[in-house]
Amino acid sequence: MKYDVIVVGGGHAGIEAAHIAAVRGLSVLLVTTQIDLIGQMSCNPAIGGIAKGNIVREVDALGGLMGKIIDRAAIHFHMLNTSKGMAVWGNRAQADKKLYRSIARSLLEENPNVQLFQATVKGVVQRKERVAGVLLDGGITIESRAVILTTGTFLNGQMHLGLEETSGGRSGEPAAEKLTECLRAYGIESGRLKTGTSPRIDARTVQYEKMAPQAGDDQPWPFSYSTETSLRNKVLCWITRSNENTHQIIRDNLDRSPLYSGKIKSIGPRYCPSIEDKVVKFGERNSHTLFLEPEGLDVKELYLNGLSTSLPFDVQIKMVQSVVGLEDAMIIRPGYAVEYDYFSPTQLKATLESKAIANLFFAGQINGTSGYEEAACQGIVAGINAAENLQDGIPCILRRDSSYSGVLIDDLVTKGTKEPYRMFTSRAEYRLLLRQDNADERLMPLARQRRLVPEKLFEKRSHYWETKKEYIDFYHERKISPRAWESVNTHIMLGKTVSAYDLLKRPNVTINHISKCLEHAIQDREVAAGVEADVKYEGFIKKQRGQIESLRKMESKFIPENIDYHAINGLLTESRHKFNQVKPRTLGQAARIPGVTPADITVLMIYLAKIT
């Protein structure tokens, strides 16, 4: 067997990598230990959220699958942060996880260029510092011109439930061994991280009347630009809280916690802590919010979001039954923690290609990230760049001002990570530009140039962009007098006649106010939301674009790959070491390396001017 691309792992990164490489006409083999679990949601069966929802739309705009899958598999939609500006809105959907897996596999199998294969990868084969294939269990070698590693939490995975340890990357699934050792032999450095999951509850044993229901949105927003059918909510989620009794049970059993007994030595996700960490580190709080979220339509199983734990099973029972509404609850799957190997992403280029072995790519949790969405955007970028490498194309490097995906990848390859990396709006300095409503405008033209999205979809979105522009021009031209304004709004005073455009820029004025005043409503709610966002953020965006232009000059100043930093006089020893380690592609990337001083950048800039 011989393929253009081999993708190792069938999680969210692997799905996107295999799909997008196949879209480019390459033959792709996706190797996974369990074909039936392609697209498995190991933790909470939900997609999206703050910043994460933006990433899903970016993946979709690049031609990916995650948005399409969740739109078809979702059972509960909720747009977060709607009381704030659209720049921080975050679409989130609860999925039927079995249906999600089924759709993911089906979409992969629809492409004749994708072949699925069930096996365990033991090693990567290289010849002359280029990848040449993979070695499977049983001594089988499969040749390929590129390999994308998306192994999730399976590399030497060790699961913890109380003080008991078992080998595995996910409950009921074996760990992947020997691959880490193979990569280390090639000089690629690895580390260990930790993640965890919550107990699952028998839905028949919950007293819902004691909890607060959380309904989905009346009119859900789709994730995919290709979704044309109406979406609807099919279930309720429920809200309750831990209490002082819950916390005391945890404190009384910390000696049996692998986190606090020293069994777990790896660092876990800071922004998604276990309930043990919450109780210990935020001891002043007497309760924490918990969400009960259905795992599917045809199962009586609830995910207890907010109660991630690795305490022993008997303690988990006491802890769960101390919560209001869960007094008689039965746990059908206990929570647990898992430690696993990852590889420092500073060993990668901005394309996610290894610096040590050509055409070997890394994507997802193997790079130290946490989350389905973070994995998906890495998978699609790795898949695109594998295709570009094999087809003599131009590397696809997403800038920080282009996408949250670009911020994530730049953070990883420039700064690295010592803990599971999760995306937040605060990580993006240009977040007013990176809204979920304009992901298509930011990325779909690039995707179309690289033959990643269908022409029909691109034409449809182009028409949408033109419609928005027409309405904005219309608002520039139409004037609104104080008398006309008073007829629809008596709370906001208007001292003189202004354009509808300038009026809409005001903080408390909405597009509904403008539509009533002009007696001209925008019928398409997506167009209306897009117009309002473009108008309201226009001043801030102009300012940010000015900053971007000045920084782009540094980004356009490329650093030769064979540069000898030891030959540059005036660099601090620490900075020289970091430059050699990261091997920044541009002067801008060099400036973002932690610990590098402005003086070092000036020295490097002068040196580059001399040699170019």
Side-chain angles (χ1 to χ4, degrees), residues 41 44-61 66-97 99-100 103 203 208 211-240 289-297 302-306 371-373 376 404 423-425 431 434-440 461 464 468 510-513 515 521-534 536-537:
M41 300 175 120
N44 182 15
I47 295 294
I50 307 302
K52 290 169 172 278
N54 301 51
I55 290 177
V56 180
R57 296 213 101 192
E58 290 172 0
V59 169
D60 191 75
M66 180 171 271
K68 298 175 180 64
I69 301 170
I70 188 59
D71 281 350
R72 290 167 57 180
I75 55 180
H76 183 277
F77 291 87
H78 184 51
M79 184 71 77
L80 306 177
N81 268 359
T82 52
S83 62
K84 302 178 181 178
M86 284 187 68
V88 292
W89 282 20
N91 202 7
R92 184 179 184 274
Q94 196 74 15
D96 181 317
K97 68 177 186 180
L99 182 57
Y100 191 98
I103 294 168
Y208 298 101
M211 301 179 178
Q214 184 188 44
D217 296 337
D218 292 334
Q219 292 181 292
W221 291 83
F223 284 92
S224 176
Y225 293 104
S226 61
T227 297
E228 295 182 347
T229 57
S230 296
L231 305 174
R232 63 187 183 89
N233 294 290
K234 301 171 184 176
V235 297
L236 285 174
C237 294
W238 302 87
I239 303 174
T240 185
T289 305
L290 306 174
F291 300 88
L292 277 95
E293 301 170 325
E295 296 234 326
L297 295 177
L302 299 172
Y303 183 88
L304 187 48
N305 193 355
Y372 310 142
E373 304 82 3
Y404 276 94
M423 178 50 68
F424 293 99
T425 54
R431 54 188 169 274
L434 309 182
R435 308 186 308 270
Q436 63 174 15
D437 66 279
N438 66 2
D440 57 335
R461 298 313 298 174
Y464 163 77
K468 274 205 315 176
T510 70
I511 202 160
N512 289 332
H513 292 139
S515 296
I522 302 176
Q523 299 303 317
D524 187 320
R525 67 169 182 153
E526 185 187 12
V527 173
V531 168
E532 183 166 1
D534 283 352
K536 284 195 176 298
Y537 291 115

Approximate separation, where rounding is to 0.5 Å, of [X] [atom1] and [Y] [atom2]:
X	Y	atom1	atom2	result
Y404	Q436	OH	CD	9.5 Å
D217	M79	CG	CE	7.0 Å
I75	L297	CD1	CG	5.0 Å
Q219	F77	CD	CZ	13.0 Å
N91	I70	CG	CD1	9.5 Å
T510	E532	OG1	CD	6.0 Å

* How far apart are the C-alpha atoms of E373 and N54, what are their side-chain angles, what is the distance that settles it, and do they pass the side chain to side chain donor-acceptor pair (under 3.5 Å) test? -> CA-CA 9 Å; E373 304 82 3; N54 301 51; over 6 Å; no
* To do: Go through the steps to decide whether E293 and N44 satisfy the test side chain to side chain donor-acceptor pair (under 3.5 Å), and finish with yes or no.
  => CA-CA 8 Å; E293 301 170 325; N44 182 15; 3.1 Å; yes
* **Side-chain (H78) to main-chain (R92) donor-acceptor, under 3.5 angstrom** =>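 Checked: no pair found.
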* To do: Mark yes or no for whether D71, through its side chain, and S224, through its backbone, hold a donor-acceptor pair below 3.5 Å.
  =>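 Here the side-chain-to-backbone pair exists.
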* Student check: side-chain heavy atoms of P294 and H76 closer than 4.5 Å ->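 When only atoms from C-beta onward are counted, H76 and P294 do not touch, as no gap falls below 4.5 Å.
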* Asked: Quick one: are Y225 and E526 in side-chain contact, heavy atoms under 4.5 Å?
  ->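 They are in contact (side-chain heavy atoms under 4.5 Å apart), so the answer is yes.
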* Mutual orientation of the aromatic rings belonging to Y208 and W238 [parallel < 30°, tilted 30-60°, perpendicular > 60°] ->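 Taking W238 first and then Y208, their aromatic rings sit tilted (interplane angle of 30° to 60°).
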* Hey, is D534 close enough to R435 for a salt bridge, meaning N to O under 4.0 Å? ->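 So D534 pairs with R435 through a salt bridge.
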